[in-house]
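Below is one structure, written out as structure tokens; the observations come after it.
Position 1 is the first residue of the sequence, and the numbers go up from there.
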Amino acid sequence: MSKFVSVLRFAPWAGRAWWWLGSAVALALGVAEPSSAQAVSVGTSSAAGSQPTPAQLAPIEVSATPDDADVRLEQRLTPGAVHVVDGDSLFQRPVSNLSGALRYVPGVMAESNTGGDDQVLSIRGSNLSALSYDNGGVALFQDGLPVSAADGNNHNRLIDPLGASEFIVANGANALTYGASELGGAIDAISRTARNSDPTQIYLSAGGHGLFNGQLSVGGVADSLDGLLTLENKHFDGYRQHSGLERTGVSGNVGLRVSDRLRLRLFASHVDSRQKLAGALTRSEFEQDPRQADPSAALGDHAVDVKTDRVALKGDWDIDARSRLEFGLSYEVQHLYHPIVDVFNFATTPPAHYFSLLVDTRQQTVGGMLRYHLRADNHELLAGLSLAQTSNKGGNYANDGGQRGTRMTAIDQQSDNATLTLMDRWHIAPRWTLVYGAQGVATSRDSRSTTLSSGDQRRQDATYSAVNPRLGLIYALNRDSALFANVSRVYQAPNNYDLDNDVRQDDAVLRAMHGVSYEIGTRGQGALPFAAATGRWSLSLYHADIRNEILSVDNPAKPGSMLATNYGKTVHEGIEALGSASFPLAGTPHRIEPLVSATYQRFRFKDDPAFGNNRLPSAPSYIVHGEVMYRHQTTGFYAGPTFDLVGSRYADMANTYRVGAYQLLGLRAGVERDRWDLYAELSNLTDKKYVSAVTVLTQADADARVLNPGAPRSIFVGGRFRY
């Protein structure tokens with residue numbers, strides 16, 4: 001209880017607001033004991049005289065299909081923030097990377113340094129170190145199978161948003177049932193199939209700075225067999241010098257309903273992504289011309305080229321009316337070619353070259369998953385096992401203008417990960433569900449780097465393990481709305497990039513991050529106190545005390561370059577809110593539909609010897625994304641403004657380099673019909689210069705190269721046609 005008081009300390013009104021919000025919801029929606037006709041069963045086969053099951057809760061932004069009903073049921077039984085993004089909505093606005101797909105998910109910070117596929121991904125303050133290129137701290141899944149490497153990094157790949165029928169985002173500790181214990185939680189992309197989406201469609205979009213994005217899908221359903229094949233291509237010149245992107249891909253899946261109880265699906269994909277990197281700017285460079293590149297990035301031809309091949313098999317077996325088994329295997333190969341470091345002395349002509357780095361590696365990941373569901377009286381039991389093994393081999397080379405020079409270091413990294421989850425959702429009373437259980441984690445790291453000139457080998461070899469308990473409670477206000485609370489342990493072992501960049505540069509290993517997270521909130525949907533108006537909402541308040549968080553520290557041998565270390569105590573806390581509504585105008589087909597996603601976050605050191613209670617770098621104090629759309633229900637026409645409000649942040653641990661807040665305004669319009677959709681959007685209407693992401697330093701001076709400019713005014717048009 002004392003920790004919930006700590007949550008309320010940073011927002012003194014929060015406890016009272018939560019109580020009044022619950023009371024208002026109850027009054028507005030007419031809370032009453034659900035009748036047998038109104039209650040939605042969780043699927044429990046109860047004997048006579050057993051306790052009735054509570055009402056079910058509708059996730060935000062969801063469009064259910066029969067194939068994923070069981071997945072949604074699990075989300076509804078989570079006593080914390082879980083958001084479901086409908087993949088169809090992504091074809092009605094310019095979405096070409098994960099940042100665009102997760103725009104309206106509160107708590108998520110996903111920003112590209114150059115507008116392409118490279119992104120810094122953070123949820124609830126994860127991944128705020130200078131080594132953010134590895135994108136640790138958030139576990140990525142595709143159809144429940146791992147996309148993240150076994151050590152937790154997402155360095156080489158993120159998920160193509162237009163290939164997903166939906167995204168499920170479990171913030172923070174709410175990802176425990178996925179087999180993820182990371183500080184930020186998990187994102188699961190559910191693939192489009194011929195059964196959960198239209199298999200025959202064409203999508204084309206174009207926009208400023210040479211953007212072209214195209215996708216063609218073909219497929220169909222024939223009795224027990226279905227298939228979908230998708231071809232995609234993206235070209236982007238970039239709004240900065242040396243920031244272009246070229247990506248091509250092919251993906252497909254084939255499903256077979258072996259019987260009424262057994263369903264199998266085979267997935268395969270190939271993606272070739274090649275992107276130039278523009279690097280960060282100084283403040284004076286940013287003010288002079290935010291579209292220029294870091295001179296070193298251009299001279300060294302910095303880039304991230306990744307070829308990815310993946311195959312996976314997923315199965316669902318309805319054992320009987322009360323039990324079900326999900327199972328799957330995946331295999332993925334990634335080839336990374338990454339010219340990334342150049343140090344020049346620009347006082348000489350031509351600039352004198354001092355140090356450079358080009359990474360050329362091949363990574364293989366094998367993953368597996370078992371999830372057993374059992375309904376027993378008033379219990380929803382879950383037992384889950386997730387396994388992954390990753391091998392990453394290759395070398396570090398001198399970077400000769402984007403080409404491999406002398407091989408300097410041989411790399412051999414291995415990692416294994418196993419998580420076992422046991423969870424019970426116990427419907428203890430008509431409105432109450434007690435959620436309790438634990439997750440066991442066992443994971444190993446073995447990172448070896450050999451300096452070829454001397455033969456010296458540096459090795460970090462460690463095993464990490466933990467048991468992470470969870471206790472939560474859900475109170476159903478009515479069939480569509482609920483209050484919830486949970487207390488959970490979070491645990492995240494360092495990945496191989498962290499180990500390799502340990503500031504000690506010896507064979508010692510970093511400690512795992514761990515802590516306790518507390519959360520209260522509400523979610524739901526229903527009628528509003530206006531004529532025929534409806535609304536949806538989600539509100540969460542969380543507080544996490546973290547020990548040994550892995551963040552950045554100056555390299556003592558090369559000041560200005562960053563390495564990794566453990567910090568004793570940090571605090572992550574915030575408020576995440578999502579609200580949408582639909583207001584009819586005097587009984588006509590005209591409607592006004594606002595949508596707002598708002599995040600307030602406070603991440604800080606706690607009594608640190610060097611930084612006291614300073615804010616952690618990179619994360620803005622608040623993030624608000626929203627839109628207000630006019631919609632005509634008969635014609636499908638919609639139009640309205642969009643807006644972004646982003647608070648200030650720091651680029652360094654010492655909090656000496658502050659990056660100011662910014663506000664963006666846009667306009668979007670379109671038409672949605674049965675067989676086709678068209679849209680046009682004008683973003684950054686006022687052509688404001690702003691910083692979308694920062695590079696982290698320990699203490700940044702006025703001339704530090706830390707600013708990554710956001711996109712200038714741009715126009716986009718796109719359309720989807722179902723043939």
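Here the options are Asn614, Leu551, Asp554, the test is side chain to side chain contact (heavy atoms under 4.5 Å, CB included), and the partner is Met653; only Leu551 passes. For the side chain to side chain contact (heavy atoms under 4.5 Å, CB included) criterion with Leu277, the lone passing option out of Asn113, Asp294, Ile340 is Ile340.
Atom CZ of Arg445 is separated from atom OG1 of Thr390 by 9.0 Å, given to the nearest 0.5 angstrom. If you take OG1 on Thr565 and CE on Met562, they are separated by 10.5 Å, rounding to the nearest 0.5 Å. The CG atom of Leu121 sits 8.5 Å away from atom CE of Met109, with the distance rounded to the nearest 0.5 Å. The distance from atom CG of Asp446 to atom OG1 of Thr463, rounded to the nearest 0.5 Å, is 9.0 Å. Going from atom CZ of Arg291 over to atom NZ of Lys689 covers 12.0 Å, rounded to the nearest 0.5 Å. For the atom pair CG of Leu483 and CG of Leu539, the computed distance is 10.0 Å after rounding to the nearest 0.5 Å.
Under the 4.5 Å side-chain criterion, counting only non-hydrogen atoms from C-beta, Asn399 is not in contact with Val341.
Distance alone, capped at 3.5 Å, is enough to place a donor-acceptor pair between the Tyr690 side chain and the Ala711 backbone. Looking at Thr443, its side chain does come within 3.5 Å of a backbone N or O of Asp416 through a donor-acceptor pair. Side-chain atoms of Arg705 come within 3.5 Å of backbone atoms of Ala280 as a donor-acceptor pair (strictly under, hydrogens ignored). Between the side chain of Asn495 and the backbone N or O of Asp151, no donor-acceptor pair lies under 3.5 Å. With Asn613 contributing its side chain and Asp607 its backbone, the two residues share a donor-acceptor pair below 3.5 Å.
Side-chain contact annotation: Ser126 with Arg124, donor-acceptor N/O pair under 3.5 Å absent. Between the side chains of Asn174 and Glu519, a donor-acceptor pair is found at a separation under 3.5 Å. Judged purely by distance below 3.5 Å, without hydrogens or angles, the side chains of Arg523 and Ser538 never pair a donor atom with an acceptor atom. In summary, the side chains of Gln275 and Thr114 do present a donor paired with an acceptor at a separation below 3.5 Å, with no hydrogens or angles considered. Remark: the Ser112 side chain and the Asp118 side chain contain an N/O donor-acceptor pair separated by less than 3.5 Å.
Between Asn501 and Gln505, the closest heavy-atom pair is C-NE2, 3.9 Å. Considering all non-hydrogen atoms of both residues, Gln119 and Ser99 come closest at OE1-N, 2.9 Å.
Between His625 and Tyr104, the two ring planes are perpendicular [angle over 60°; tilted spans 30° to 60°].
The side-chain hydrogen bond (donor to acceptor under 3.5 Å, both in side chains) search around Ser648 returns Arg658, not counting sequence neighbours. Residues meeting the side-chain hydrogen bond (donor to acceptor under 3.5 Å, both in side chains) test with Ser243, sequence neighbours left out: none.
Between Arg458 and Asp500, at least one side-chain nitrogen of the basic residue sits less than 4.0 Å from a carboxylate oxygen of the acidic one, meeting the salt-bridge criterion.
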#### Entry: His572 vs Phe603, ring-ring contact (aromatic ring centres under 6.0 Å, His included): CA-CA, chis, key distance, verdict
CA-CA 5 Å; His572 292 237; Phe603 312 136; 4.9 Å; yes
